[in-house]
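Below is one structure, written out as structure tokens, with a few remarks after it.
In what follows, every heavy atom counts, from backbone to side chain, and hydrogens, waters and symmetry copies are set aside.
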Amino acid sequence: MLDRPIAGELHGSLVAALGTGIVSGRYQPGHVLNLEGISAEHGVSRSVAREAVRVLESMGMVESRRRVGITVQDPEKWNVFDPVLIRWRLQAGDRTAQLVSLSELRLGFEPAAAALAARRASPHQCRVLATAVSDMVMHGRNGDLAAYLAADKLFHQTMLEASGNEMFRALNGAVAEVLAGRTHHGLMPEKPNIDAIALHDEVARAIRMGEADQAERAMRAIIDESVSAIVEVGPPGAGTAAQA
């Protein structure tokens, strides 16, 4: 699942403003908007407003009906796997609840993906996993969280791809937004947790050695540690969390 391209800075800003407004509760489910009101409030043309609404419709966040208007939808109708929506919910919603929910989702597929990767990973993918772990060690030691995040995202992307399962691979965008969101919202310690890095190394080694059960257990341990840390942190900004 890739971020959808948004044509034009003005269009992108309007989509983000409306999307975060819905996520934050400014626009409650059942609230009715119209193109004239959106255009006036945000200083954009009707055509820009219309295109922004179409993006939100594709995400299940609003529904447009003639003679009714643009109705904000219940969260149950949202495309919760959309990476853009995940980003907005981490920015403007209940960040802790969203992180816990996403971590529980990851428990449902990343351990299984790791087990499959132990059976299907190519030599090249095994090398990429090993390199990503080495980079995590180096950047974690230096406290370079941006570089650490890039290596962490590469590790999980490669592991999902190595599973050989297109459904698991399609969830990479959701995983990447979880990793990025925790870094961008100050939920990472200055020096990443060495135990978490060691678990990533264990996953990489198990995949390389073809040890499916061990790869699955180690990946589960990574996410379990993350969930525990998120719950311990509590409300957004209350502390730091371990990383997965």
Side-chain angles (χ1 to χ4, degrees), residues 1-6 19 23 55-61 73-90 93 97-133 136 149-183 196 199-227 230 243-244:
M1 297 171 64
L2 301 176
D3 292 4
R4 66 175 49 75
I6 296 177
V23 166
V55 173
L56 296 176
E57 282 186 291
S58 73
M59 301 169 76
M61 300 181 76
Q73 298 297 290
D74 290 327
E76 289 78 8
K77 295 185 177 180
W78 299 353
N79 179 8
V80 294
F81 294 108
D82 191 305
V84 176
L85 178 53
I86 291 172
R87 190 180 311 153
W88 290 341
R89 296 181 81 179
L90 291 175
Q98 173 72 347
L99 286 170
V100 169
S101 178
L102 288 164
S103 296
E104 290 172 347
L105 169 68
R106 292 176 63 194
L107 277 173
F109 71 89
E110 282 203 278
L116 288 175
R119 301 183 181 101
R120 299 172 176 173
S122 68
H124 172 70
Q125 288 169 327
C126 289
R127 287 192 293 271
V128 173
L129 289 171
T131 299
V133 172
M136 290 171 70
L149 172 62
D152 197 9
K153 289 168 70 174
L154 177 62
F155 178 94
H156 289 272
Q157 176 185 344
T158 304
M159 188 272 295
L160 291 173
E161 291 175 350
S163 75
N165 184 296
E166 63 181 7
M167 300 295 182
F168 289 160
R169 184 172 63 247
L171 290 169
N172 176 63
V175 175
E177 286 300 330
V178 175
L179 301 176
R182 293 172 64 189
T183 297
L199 285 170
H200 283 75
D201 185 50
E202 189 174 342
V203 171
R205 185 202 63 78
I207 290 174
R208 185 173 67 253
M209 300 300 294
E211 299 173 351
D213 290 345
Q214 184 56 32
E216 182 174 354
R217 283 195 297 269
M219 180 56 68
R220 187 173 298 279
I222 287 173
I223 303 171
D224 281 341
E225 180 188 36
S226 174
V227 172
I230 291 169
Q243 59 289 327

Minimum heavy-atom separation for [X] to [Y], with atom names?
X: V80; Y: I86; value: O-CG1, 3.5 Å
X: D152; Y: M136; value: OD1-CE, 3.7 Å
X: S103; Y: I223; value: O-CG2, 3.4 Å
X: I207; Y: A117; value: CG2-O, 3.6 Å
X: A176; Y: K153; value: CB-CE, 3.9 Å

Item to complete: Kindly indicate, with the supporting measurements, whether the criterion side chain to side chain contact (heavy atoms under 4.5 Å, CB included) is fulfilled by M61 and Q73.
Response: CA-CA 5 Å; M61 300 181 76; Q73 298 297 290; 5.8 Å; no
Side-chain touch [X]/[Y], heavy atoms, less than 4.5 angstrom:
X: E110; Y: V175; value: yes
X: F155; Y: V128; value: no
X: D224; Y: L107; value: yes

Fill in: Pairs meeting criterion side chain to side chain donor-acceptor pair (under 3.5 Å) with involvement of residues 158-167, two or more places apart
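Qualifying pairs, neighbours excluded: Q157-E161.
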How far does [atom1] of [X] sit from [atom2] of [Y], to the nearest 0.5 angstrom?
X: L90; Y: Q98; atom1: CG; atom2: CD; answer: 5.5 Å
X: L160; Y: M167; atom1: CG; atom2: CE; answer: 14.0 Å
X: N172; Y: L179; atom1: CG; atom2: CG; answer: 9.0 Å
X: M159; Y: F168; atom1: CE; atom2: CZ; answer: 9.5 Å
X: S58; Y: N79; atom1: OG; atom2: CG; answer: 8.0 Å
X: L171; Y: F81; atom1: CG; atom2: CZ; answer: 6.5 Å

Item to complete: Determine, step by step, whether V23 and W78 satisfy the side chain to side chain contact (heavy atoms under 4.5 Å, CB included) criterion, reporting the C-alpha distance in whole Å, the side-chain angles of both residues, the deciding distance to 0.1 Å, and the verdict.
Response: CA-CA 10 Å; V23 166; W78 299 353; 4.2 Å; yes
Discussion item. Closer than 3.5 angstrom, by distance alone: can the side chain of T131 be matched with the main-chain N or O of R127 as a donor-acceptor pair?
Written reply: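 Checked: pair present.
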Worksheet item: Passes side chain to side chain contact (heavy atoms under 4.5 Å, CB included), V178 versus R106? Steps please.
Response: CA-CA 10 Å; V178 175; R106 292 176 63 194; 4.1 Å; yes
Worksheet entry | D82/W88 under side chain to side chain contact (heavy atoms under 4.5 Å, CB included): CA gap, chis, key distance, verdict | CA-CA 10 Å; D82 191 305; W88 290 341; over 6 Å; no
Sequence neighbours excluded and cut-off under 3.5 Å, please list the side-chain donor-acceptor pairs for residues 212-219, or say none.
from : atom 1 : to   : atom 2 : distance (Å)
Q214 : OE1    : R217 : NE     : 3.4
Q214 : OE1    : R217 : NH2    : 2.8
Q214 : NE2    : E202 : OE2    : 2.1

